[in-house]
Amino acid sequence: MEKKNVLSGIQPSGIITLGNYVGALRNWAKLQTDDRFCFYCVANLHAMTVRQDPEVFRQRTIEAAALLLACGIDPKRSALFIQSSVHEHAELSWVLNCSTYMGELNRMTQFKDKSAKHADNINAGLFTYPVLMAADILLYQASYVPVGHDQKQHVEIARDIAERFNKLYGETFVIPEPFIPKVGGRIMSLQDPTKKMSKSDPNPSSFIAITDEPNVILKKFKRAVTDSEARIAYNENQPGIANLLSIYSIFTGKTIEEALEIFDGMGYGQLKVATAEAVIEELTPIREEYNRILADRVYLEGVLNEGARQAAAVAEKTLHNVYAKTGLGSFFA
Ligand code: AQP
């Protein structure tokens with residue numbers, strides 16, 4: 001049976017949130033089936049597009065890897081690695097930069113959002129971020145890329161870059177498809193439900209970190225911004241309530257309709273507490289497992305080294321092929 005490859009990554013740009021978990025990580029674990037092989041990386045090269053304190057950055061990179069294991073990434077079914085450990089990412093990214101147009105990158109909404117957020121540091125890396133992401137995906141000939149809704153545009157540009165390259169140089173890359181959950185592809189901030197939940201948000205009340213203690217999770221949900229309608233309904237005029245209902249539905253396995261029936265006639269406080277309880281139930285074992293893995297550095301290092309070795313074996317083959325096709329390959333063989 002020919003296995004299909006899966007690739008995804010997460011930036012160590014903060015503590016992983018409920019949004020990252022629901023939009024991406026939960027699916028990462030589910031995609032580890034017998035007919036697939038998964039490559040999952042801690043995307044530290046991507047995180048450099050925003051200023052990082054080197055010590056904190058290193059620590060967060062290790063923590064992110066431990067959290068991925070705690071969320072169910074199985075080193076027997078997946079290669080788990082740190083992006084900067086496989087040098088082919090940066091090399092392929094350069095080649096792909098040379099077949100990506102400025103006009104395409106200009107249309108990326110994440111670049112616009114992040115430039116507004118980091119107006120004092122609009123660097124070239126922020127602009128070419130989607131090309132590095134295309135390199136991540138294409139190096140592993142990935143058929144599926146499990147991501148949240150905010151990354152859909154980046155997977156689409158990776159497809160365009162791959163198709164263009166294949167046309168110019170002959171079949172080289174598998175064309176990837178985004179894999180976005182039907183519910184939960186975009187979890188919103190608890191403090192401003194018109195904005196997506198982000199791990200780098202300076203206000204910790206805006207997000208649930210997967211490692212938050214139960215009392216902190218409860219407090220954050222209780223403080224979640226809602227509205228003054230005093231009616232539990234699922235519509236775009238009540239984004240705070242719609243966000244809570246989505247989270248409740250994801251963590252209890254109930255549909256939105258079932259949730260609306262349960263909370264019919266109840267107050268916002270009851271919805272907030274029930275949502276917090278469902279989240280706490282699922283996240284508690286993950287937090288415990290995370291603390292256990294983080295304390296076992298020998299195990300963690302072993303997993304990451306083996307993951308990097310497996311990833312590099314595939315990445316090297318792809319890059320070799322790309323260099324051969326583009327005239328960059330070895331000259332004096
Ligand atoms: N709010 C969200 N809802 C659902 N999915 C989300 N993802 C991010 N936010 C949400 C998905 O999580 C994966 C990892 O994200 P990333 O680390 O690559 O960067 P991001 O998309 O920029 O996520 P953040 O949390 O907002 O990070 P910062 O604050 O550093 O920009 C991706 O698959 C993403 O879609």
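Note that ligands are numbered from 1 as they come in the structure, with each ligand's atoms numbered from 1 the same way. All values below come from the heavy atoms of this structure, side chains included, with hydrogens, waters and symmetry mates left out.
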*Have a look at Tyr140 and tell me which of Phe37, Phe39, Tyr40 forms a ring pair (Phe, Tyr, Trp, His ring centres under 6.0 Å) with it.*
Phe39
*State whether the shortest distance between N or O atoms of Asn20 and N or O atoms of ligand 1 falls below 3.5 angstrom.*
yes
*Can you tell me which residue and heavy atom of the protein come closest to atom 6 (C) of ligand 1, and the distance to 0.1 Å?*
Gly19 O, 3.5 Å
*Are the charged groups of Arg292 and Glu289 less than 4.0 angstrom apart, N to O?*
yes
*Do any N or O atoms from the side chain of Asn235 and from the backbone of Gln238 form a donor-acceptor pair under 3.5 angstrom?*
yes
_Using a plain distance cutoff, I'd like to know if Asp150 has any nitrogen or oxygen under 3.5 Å from a nitrogen or oxygen of ligand 1._
yes
_Ser13-ligand 1 polar pair, N/O distance under 3.5 Å_ = yes
*State whether the shortest distance between N or O atoms of Pro146 and N or O atoms of ligand 1 falls below 3.5 angstrom.*
no
*Is a side-chain N or O of Ser84 found less than 3.5 angstrom from the main chain of Ile82, in a donor-acceptor match?*
no
*What is the closest protein heavy atom to atom 3 (N) of ligand 1, and at what distance does it sit?*
Ile187 N, 2.8 Å
*Mind checking whether Lys114 has a heavy atom under 4.0 Å from ligand 1?*
yes
*What protein heavy atom is closest to atom 33 (O) of ligand 1, reported as residue, atom name and distance in Å?*
Gly148 N, 3.1 Å
_Which segment of Gln11 sits under 4.0 Å of ligand 1 when only heavy atoms are counted_ = both
*For ligand 1, which atoms sit closer than 4.0 Å to a heavy atom of Met197?*
1 (N), 2 (C), 9 (N)
*Quick one: does Gly184 get within less than 4.0 Å of ligand 1, heavy atoms only?*
yes
*asked:* Looking only at protein heavy atoms, which one is nearest to atom 32 (C) of ligand 1, and what is the separation?
replied: Gln151 CG, 3.8 Å
*Which residue and non-hydrogen atom of the protein lie closest to atom 23 (O) of ligand 1, and at what distance in Å?*
Lys196 NZ, 3.3 Å
*Which one holds for Ser198 and ligand 1: side chain close, backbone close, both close, or neither close, with close meaning a heavy atom under 4.0 Å?*
both
*Please report which non-hydrogen protein atom sits nearest to atom 17 (O) of ligand 1, along with the residue it belongs to and the distance in Å to one decimal place.*
Lys199 NZ, 2.5 Å
_Geometry only, no angles: is Asp201 polar-contacting ligand 1 at N/O separations under 3.5 Å?_
no
*Salt bridge check: are Lys3 and Asp34 linked by an N-O gap of less than 4.0 Å?*
no
*Determine, for Arg159 against Glu156, whether the closest basic-nitrogen to carboxylate-oxygen distance falls under 4.0 angstrom.*
no
*Do Lys4 and Glu177 sit within salt-bridge range, that is, some charged N less than 4.0 Å from a carboxylate O?*
no
*asked:* Here's a test for you: under side chain to side chain contact (heavy atoms under 4.5 Å, CB included), which of Leu126, Asp136, Ile10 qualifies with His46?
replied: Asp136
*Provide the number and element of each atom of ligand 1 under 4.0 Å from a heavy atom of Ala24.*
12 (O), 13 (C), 33 (O)
*asked:* Check Asp113 with Lys195, please: is the shortest side-chain N to carboxylate O separation under 4.0 Å?
replied: no
*Specify side chain, backbone, both or neither for Gln110, according to which of its non-hydrogen atoms lie closer than 4.0 Å to ligand 1.*
side chain
*Contact check, Gly185 vs ligand 1, heavy-atom distance below 4.0 Å*: yes
*Relative to the heavy atoms of Ser200, which atoms of ligand 1 are at a distance of less than 4.0 Å?*
28 (P), 29 (O), 30 (O)
_Taking Pro146's backbone N and O only, do any of them form a donor-acceptor pair with Asn27's side chain (distance below 3.5 Å, no angle check)?_
no
*Is Ile10 in contact with ligand 1, taking contact as a heavy-atom separation below 4.0 Å?*
yes
*Would you mind listing the cluster partners of Phe57? Hydrophobic ones only (ILVMFWY), side-chain contacts under 4.5 Å, chaining allowed.*
Met48
_Under 3.5 Å, is there a donor on one side chain and an acceptor on the other for Thr17 and Asn20?_
yes
_Testing the 3.5 Å rule here: is there a donor-acceptor pair between the side chains of Thr109 and Gln153?_
yes
